[in-house]
Chemist: 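Please see the structure below; I have some questions.
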Amino acid sequence: MKAANATPIRLDFEDYHPPRDDFLNEVLDGLSRPQKTLPSKYFYDEHGSRLFDEITHLDEYYPTRTEQAIMVQHADEIGSVLGAGTLLVEYGSGSSVKTRQLLEHTPDLAGYIPVDISKEHLLATAAELSADYPHLNITPVCADYTGVFELPIDRARVKHIVVYFPGSTIGNFTRSQAAVFLRHVAEVCGPGGGFLVGADLEKGTAILEAAYNDKKGVTADFNLNILRRINAELGADFELMHFRHRAFYNRPEGRIEMHLVSTREQEVHVGHATIRFAEGETILTEYSHKYRIEDFHALLATVGFVPRQVWTDARNLFSIHYLQIPAKGV
């Protein structure tokens, strides 16, 4: 719980922000493929993070408010399931809005490690949390959570580790990518550790497509922001007026696909490369897979997770899962 009139602890910080060359190489690799792609993690510079926060408040975008409502309704139960002595590690922490429910309802937390790729946004949020929860050890880590980095964990002082992955971000991975990521999560958790994860559920096409094509155009601006960022940080010359946002539900694959569509034949320069676009050609910027609960559990079972609890809303729009790696000898 929050403590009043207390002196905040010193805020340590671990910085594994991807270097510029990594950004450039991933952009060039994606744009050289037959289906041009850009990694969705690069949406999240400071401006992109603010835009996503705005998206979460849109009428059409149900996932965030639904997940938040589930967290509020079941906060005591979720905190009890996580248990005392938990070190909470959050991947893609963003503004940590939903995380506050865990910080306030999980007894005797051993610490909180928010991990995010947007350094400025991460530090601002961690500073706010440090002021609000001055007796909680908070160590922000700026990193691409799909990459290689070290977490500041003293396992001898922690009862168990719980990785928190909210917001249905697991859906941004293809099935094969998800398997790789989940193996990493299982290694971080270790025997007896847990995984608290949000997963968007299968539903009607109209609801899904409206959520990614809002009337205010914020999602379109968010999608285009990745080109703005490439221009600003890599010296590219994308003309944003000649790309438009497109998002649709691919039902056979069970996923929303978000694209940027070239509205004319054009050339773009990134680094020393010239990228050519035909009119109507697209850049795939994001997948958002939707799951059935049994299929989601089957995916996590492949890396050793055992389901312990599932919470959903009354309309079965969204789900929150708690799974564990069995302790040794169990």
Side-chain angles (χ1 to χ4, degrees), residues 56 61-84 86-94 96-107 109 145 159-175 177-179 181-186 188-204 207-208 211 249 254-256 287-327 330:
T56 64
Y61 194 77
Y62 65 86
T64 301
R65 66 173 174 270
T66 306
E67 184 178 23
Q68 179 69 5
I70 295 170
M71 292 291 292
V72 170
Q73 182 179 356
H74 299 284
D76 287 334
E77 184 181 358
I78 294 172
S80 178
V81 168
L82 267 58
T86 292
L87 175 64
L88 188 66
V89 178
E90 182 176 5
Y91 285 170
S93 55
S96 298
V97 174
K98 293 182 284 289
T99 317
R100 288 176 178 265
Q101 294 296 322
L102 300 178
L103 301 186
E104 296 191 6
H105 292 272
T106 304
L109 275 172
Y145 56 74
K159 185 175 180 181
H160 57 262
I161 296 167
V162 171
V163 171
Y164 180 38
F165 199 46
S168 74
T169 311
I170 190 69
N172 296 153
F173 298 109
T174 65
R175 298 303 199 270
Q177 290 169 339
F181 172 71
L182 291 170
R183 280 195 292 272
H184 162 74
V185 172
V188 171
C189 294
F195 188 33
L196 184 67
V197 55
D200 202 7
L201 298 176
E202 287 187 349
K203 59 187 66 67
I207 295 174
L208 287 167
Y249 187 51
R255 68 193 182 202
I256 284 283
Y287 288 139
S288 185
H289 289 83
K290 312 304 173 183
Y291 288 94
R292 295 187 301 173
I293 289 175
E294 57 269 30
D295 293 338
F296 190 63
H297 287 172
L299 173 64
L300 275 88
T302 63
V303 297
F305 279 109
V306 176
R308 299 300 189 199
Q309 190 79 37
V310 182
W311 299 271
T312 63
D313 60 288
R315 297 173 62 194
N316 284 319
L317 296 174
F318 198 91
S319 58
I320 298 174
H321 307 250
Y322 184 66
L323 309 99
Q324 283 185 306
I325 299 292
V330 176

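Note that these values count all heavy atoms, side chains included, but never hydrogens, waters or copies made by symmetry. Because the structure is a prediction, the values reported are computed rather than measured.
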Chemist: Below 4.5 Å, heavy atoms only, C-beta onward: do Thr64 and Lys98 meet side chain to side chain?
Modeler: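 A side-chain contact under 4.5 Å exists here.
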Chemist: Of all residues at least two apart in sequence or in a different chain, which pass the side chain to side chain donor-acceptor pair (under 3.5 Å) check with Ser288?
Modeler: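 Here the qualifying residues are Tyr212, Lys290.
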Chemist: To the nearest 0.5 Å, what is the distance between CZ on Arg255 and CG on Leu208?
Modeler: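 Going from the CZ atom of Arg255 to the CG atom of Leu208 covers 14.0 Å.
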Chemist: Do Phe165 and Val185 pass the side chain to side chain contact (heavy atoms under 4.5 Å, CB included) test, and can you show the C-alpha distance, the side-chain angles, and the key distance before you say yes or no?
Modeler: CA-CA 10 Å; Phe165 199 46; Val185 172; over 6 Å; no
Chemist: Looking at residues at least two apart in the chain, or sitting in another chain, which of them share a side chain to side chain donor-acceptor pair (under 3.5 Å) with Thr99?
Modeler: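 Result, side chain to side chain donor-acceptor pair (under 3.5 Å) vs Thr99: Glu90.
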Chemist: With sequence neighbours excluded, what pairs up with Gln101 under the side-chain contact (heavy atoms from CB on, under 4.5 Å) test?
Modeler: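 side-chain contact (heavy atoms from CB on, under 4.5 Å) check on Gln101 returns Gln68, Met71, Val72, Ala75, His105.
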Chemist: Do Thr86 and Lys159 have side chains that approach each other closer than 4.5 Å (heavy atoms only, starting at C-beta)?
Modeler: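 Thr86 does not reach Lys159 side chain to side chain.
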Chemist: According to the interplanar angle, ranging from 0 to 90°, do the rings of Tyr287 and His289 count as parallel (below 30°), tilted (30 to 60°) or perpendicular (above 60°)?
Modeler: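 Ring orientation of Tyr287 relative to His289: perpendicular.
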Chemist: Might you point out which heavy atoms bring Pro107 and Gly79 nearest each other, and give the distance in Å?
Modeler: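 Minimum heavy-atom contact is CD-O, 3.5 Å.
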Chemist: Any side-chain donor-acceptor pair under 3.5 Å between Tyr291 and His321?
Modeler: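 No - no donor-acceptor pair under 3.5 Å links their side chains.
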Chemist: Calculate, to the nearest 0.5 Å, the distance between atoms OH and OG1 belonging to Tyr164 and Thr106 respectively.
Modeler: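 The OG1 atom of Thr106 is 10.0 Å from OH of Tyr164, to the nearest 0.5 Å.
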Chemist: Would you find a donor on one side and an acceptor on the other, under 3.5 Å apart, between the side chain of Ser93 and the backbone of Ser96?
Modeler: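 Between the backbone of Ser96 and the side chain of Ser93 there is no qualifying donor-acceptor contact (under 3.5 Å).
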Chemist: Got a sec, which residues hit side-chain contact (heavy atoms from CB on, under 4.5 Å) with Leu300, two or more places apart in sequence or on another chain?
Modeler: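 Leu300 satisfies side-chain contact (heavy atoms from CB on, under 4.5 Å) with Leu182, Phe195, Phe296, Phe305, Leu323 once adjacent residues are dropped.
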Chemist: Is the shortest heavy-atom distance from the side chain of Leu82 to the side chain of Leu109 under 4.5 Å?
Modeler: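 Leu82 vs Leu109: side chains apart.
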Chemist: Between the side chains of Trp311 and Gln73, does any donor sit under 3.5 Å from an acceptor?
Modeler: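 No pair is found: no donor N or O on one side chain lies under 3.5 Å from an acceptor on the other.
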Chemist: Quick one, His74 with Tyr322, criterion ring-ring contact (aromatic ring centres under 6.0 Å, His included). Give me CA distance, side-chain angles, the key distance, then yes/no.
Modeler: CA-CA 12 Å; His74 299 284; Tyr322 184 66; over 10 Å; no
Chemist: Check step by step if side chain to side chain contact (heavy atoms under 4.5 Å, CB included) holds for Leu88 and Leu102.
Modeler: CA-CA 9 Å; Leu88 188 66; Leu102 300 178; 3.9 Å; yes
Chemist: Taking side chain to side chain donor-acceptor pair (under 3.5 Å) as the test, write out the residues that go with Lys203, two or more places apart.
Modeler: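 Checked Lys203 against side chain to side chain donor-acceptor pair (under 3.5 Å); matches are Tyr62, Asp200.
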Chemist: Taking atom CZ of Arg315 as the centre, report whether more than 12 heavy atoms of other residues, nucleotides or ligands fall under 6.0 Å from it.
Modeler: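 No, because the 6.0 Å sphere around CZ of Arg315 holds 12 heavy atoms or fewer from other groups.
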Chemist: Taking the side chain as every heavy atom from C-beta outward, state whether Val188 and Tyr91 have any pair of such atoms under 4.5 Å apart.
Modeler: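 Yes. Closest side-chain heavy atoms under 4.5 Å.
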Chemist: Within the 4.5 Å heavy-atom criterion, are Val97 and Thr56 side-chain neighbours or not?
Modeler: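 No, their side chains stay 4.5 Å or more apart.
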Chemist: Could you tell me whether the side chain of Ser319 and the main chain of Asn316 form a donor-acceptor pair under 3.5 Å?
Modeler: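 Checked: no pair found.
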Chemist: Output, in order, the C-alpha distance, side-chain angles, deciding distance and verdict of side chain to side chain contact (heavy atoms under 4.5 Å, CB included) for His160 and Gln324.
Modeler: CA-CA 11 Å; His160 57 262; Gln324 283 185 306; 6.0 Å; no
Chemist: Output all residues satisfying side chain to side chain donor-acceptor pair (under 3.5 Å) with Arg292, sequence neighbours left out; order by chain, then residue number.
Modeler: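 With sequence neighbours excluded, Arg292 shows a side chain to side chain donor-acceptor pair (under 3.5 Å) to Asp295, given in chain and number order.
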